[in-house]
Amino acid sequence: MKVLPRKFYSRNTMKVARDLLGCFLIREYRGKIWRAMITETEAYRGEEDLACHASKGRTPRTEVMYDEPGHAYVYMIYGMYHCLNIVTEKKDFPAAVLIRGAKIFGRRTSKDGGPPDVHLGGPGKLCQFLKIDRKLNKWDLTKGERLWIEHRNPRAKLLAIKKSKRIGVDYAQHCREYLWRFNLKL
DNA sequence: TATACGATCACCT
DNA sequence: GGTGATCGTATAC
């Protein structure tokens, strides 16, 4: 399997968010490895986007969004959950894709069923399950270690993509209306 | 130093 | 539909 290269992320954020659907998020942690197909993403793009954390400008927190694309932006929210984002666009342009949902397919080799599918719905639960926290902030996802993304399941190209408004950004004035949330219809 | 609030989730009505 | 848990970050003082 091929690790997504930096040039994949160095593009328009909405295109990256859409193209990440069906790709596999891989997490290595203490000898375990999880492989989750991304099913839901959101785009956050530029200082003009009032829902984007970088709308407040460059700060210690948002600095990573201005870094090279392909890095992880992981932050704590509500004091209890973490959210995983992938930095996009060119260096010094702040943007990222929030990974909101993914699915781990259980093996179907035995007649008894084997492990069931695990649906990771919501950015907080996804990070909780995959043991992703702020230690992975600024991690380079193009290295193919600890946390990375592999190219899309070819079959996923055939599935329809649903666009909708982003979640939890009611404060973002007109930006709340942007259809920058992308779902894979399984 | 103090305060307000959030890219969430579980649980309630 | 609404609320509370819980703490890092930004902003006001």
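Letters go in sequence order (proteins before strands), and every chain restarts at 1.
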Sequence neighbours excluded - salt bridge (charged side-chain N to carboxylate O under 4.0 Å, His left out) pairs with any residue from residues 68-83 of chain A: none
Quick one: do the Glu47(A) and Tyr66(A) side chains pair a donor with an acceptor below 3.5 Å? yes
[N] [atom2] sits how many Å from [X] [atom1], rounded?
X: Gln128(A); N: dA7(B); atom1: CD; atom2: C1'; result: 17 Å
X: Glu40(A); N: dA7(B); atom1: CD; atom2: P; result: 16 Å
X: Asp170(A); N: dT8(B); atom1: CG; atom2: C1'; result: 14 Å
X: Leu126(A); N: dT8(B); atom1: CG; atom2: C1'; result: 13 Å
X: Tyr44(A); N: dG6(B); atom1: OH; atom2: C1'; result: 11 Å

Return the set of residues passing salt bridge (charged side-chain N to carboxylate O under 4.0 Å, His left out) with [X] (not counting sequence neighbours), or none when no residue passes.
X: Arg27(A); result: none
X: Arg6(A); result: Asp140(A)
X: Arg61(A); result: none

Could you tell me which residues satisfy side chain to side chain donor-acceptor pair (under 3.5 Å) with [X], sequence neighbours excluded, listed by chain and number?
X: Arg176(A); value: none
X: Ser55(A); value: none
X: Asn137(A); value: none
X: Arg35(A); value: Glu150(A)

Once base and sugar-phosphate atoms are separated, protein heavy atoms under 4.0 Å mark nucleotides 5-13 of chain C, 5' to 3', with B, S and - as BBBSSSS--
Only counting residues at least two apart or in another chain, list the ones meeting ring-ring contact (aromatic ring centres under 6.0 Å, His included) with Tyr75(A). His53(A), Tyr73(A)
Examine Arg45(A) relative to Trp180(A) and say whether NZ or CZ is less than 6.0 Å from the centre of the six-membered ring and inside a 45° cone about the ring axis. no
Output field dot_bracket for DNA chain C (Watson-Crick or G-U, both distances under 3.5 Å, | for other-strand pairs) contains |||||.||||||.
Is the aromatic ring centre of Tyr75(A) closer than 5.5 Å to the centre of the six-membered base ring of dA7(B), with the two planes inclined by less than 30°? no
Does anything in residues 175-186 of chain A come within less than 4.0 Å of DNA chain C? Heavy atoms only, and list the residues if so.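 Those residues whose heavy atoms fall under 4.0 Å from DNA chain C, taken from residues 175-186 of chain A, amount to none.
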